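All values below were derived from every heavy atom in this structure, side-chain atoms included, with hydrogens, water molecules and symmetry-related copies excluded. Predicted model only: the values in this text are computed from it and were never measured.
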There are 2 protein chains.
Amino acid sequence: MRNRKIGYGECPNDQGCPVEYTLDVIGGKWKGVLLYHLIEGTKRFNEFRRICPAVTQRMLTLQLRELEEDGVIHREVYHQVPPKVEYSLTEFGLTLVPIILLMRDWGEVYKNRSGSQNGQLPSQS
Amino acid sequence: MRNRKIGYGECPNDQGCPVEYTLDVIGGKWKGVLLYHLIEGTKRFNEFRRICPAVTQRMLTLQLRELEEDGVIHREVYHQVPPKVEYSLTEFGLTLVPIILLMRDWGEVYKNRSGSQNGQLPSQS
DNA sequence: TGATGTAGTATCTAAATTGATACTTAGGAG
DNA sequence: CTCCTAAGTATCAATTTAGATACTACATCA
């Protein structure tokens, strides 16, 4: 996903498939989750670490930096000791909220599906 | 993204973050694009190749297989020579359509943003 | 004097993803 | 007899992503 040396829109025929672009912004391994938690409000670096202990510091830094570069989140540094940095959604980032919420809803409903079930949905009772 | 040896839900505190699950299903490098094109109707292997020449055969096969495993798409093999295989969305796959379309709309609107613009949206005129 | 806490870097390694290239299968056309 | 087609596989190499571990700065607390 998202290889900025080549960049989104690698597919010439696709002259910028909009879905591809969107996934380029939110499709990183942890980005969806980070954005999801940012919907509730600003978060600090170590808060994310507590919420998601499986993400390493390095990964957290990298993913947050990419989101920042894309203008999706804002990074507010307080020059204190110990340091304090708050992350929040930008105005631009807020435009992604409906997508994140729809993804949350979908995941909520289907996350317990195990295998393929042949693509069938359980019939309504 | 999506490392099925470890699997979705690697984050214990997250006991299955729904957003993470959703991205596990549709977040593969080409999956969004493939699903997007499947919304119009069934597609054959080489049709995808024509639509997206940047995807290699191998990648196309792998991504389609993963989508099939997840029950999102159906693979219909016609035993002919030369062979014919048609891919289509399953009933389950159809539940993803609203997300894909929302991602398309968002991408449509914002794909021409270059850098970060400081997270600001252009003010309405 | 030394430990504590936040928000990271730096470095190195391991694993996963992706790509390039060649090869397969089988029947019909020339 | 050879070529063509569609839909792949197989194999190997390159790239990218991710993880582990150690390290930093600085004010404050004990």
Out of curiosity, [X] [atom1] to [Y] [atom2], how far, rounded to the nearest 0.5 Å?
| X | Y | atom1 | atom2 | answer |
| --- | --- | --- | --- | --- |
| A:Tyr36 | A:Arg104 | OH | CZ | 5.0 Å |
| B:Thr56 | B:Leu62 | OG1 | CG | 8.0 Å |
| A:Ile26 | B:Leu23 | CD1 | CG | 6.0 Å |

Residue [X], side-chain heavy atoms: nucleotide from [options] that is nearest:
| X | options | answer |
| --- | --- | --- |
| A:Pro82 | D:dA7, C:dG5, C:dG27 | C:dG5 |
| A:Thr56 | C:dT6, C:dA26, D:dG19 | D:dG19 |
| B:Lys29 | C:dG19, C:dG8, D:dA7 | C:dG19 |

Figure out the [atom1]/[atom2] separation between [X] and [N], and round it to whole Å.
| X | N | atom1 | atom2 | answer |
| --- | --- | --- | --- | --- |
| B:Arg49 | D:dA7 | CZ | P | 10 Å |
| B:Lys84 | C:dA26 | NZ | P | 21 Å |
| A:Gln80 | C:dT6 | CD | P | 12 Å |
| B:Leu64 | C:dT18 | CG | P | 13 Å |
| A:Tyr87 | C:dT6 | OH | C1' | 11 Å |
| B:Gln63 | D:dG8 | CD | P | 14 Å |
| A:Glu86 | C:dG8 | CD | C1' | 16 Å |
| A:His79 | D:dA25 | NE2 | P | 17 Å |

Within the 4.5 Å heavy-atom criterion, are B:Asp105 and A:Thr22 side-chain neighbours or not?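 In short, these two side chains do not touch, never coming nearer than 4.5 Å.
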Please tabulate the protein-to-nucleotide N/O contacts below 3.5 Å involving nucleotides 9-14 of chain C, giving atom names and distances.
unit_1	atom_1	unit_2	atom_2	d
C:dT9	OP1	A:Arg65	NH1	2.7

Residue pairs involving residues 35-48 of chain B (criterion salt bridge (Lys or Arg N to Asp or Glu O under 4.0 Å); sequence neighbours excluded):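 Every salt bridge (Lys or Arg N to Asp or Glu O under 4.0 Å) pair that includes a residue of residues 35-48 of chain B, provided the two are not neighbours, is B:Glu40-B:Lys43.
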Answer yes or no on whether A:Arg113 is positioned over the face of B:Phe92, meaning its NZ or CZ is under 6.0 Å from the six-membered ring centre and within 45° of the axis.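 Judged by the rule, A:Arg113 and B:Phe92 form a cation-pi pair.
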Given that A:Leu62 and A:Pro83 both sit by DNA chain D, which one's nearest nucleotide is further toward the 5' end?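 Its nucleotide being nearer the 5' end, the pick is A:Leu62.
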Minimal non-hydrogen separation, B:Leu67 against B:Val25, with atom names: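 So the minimum-distance heavy-atom pair works out to CD2-O, 3.9 Å.
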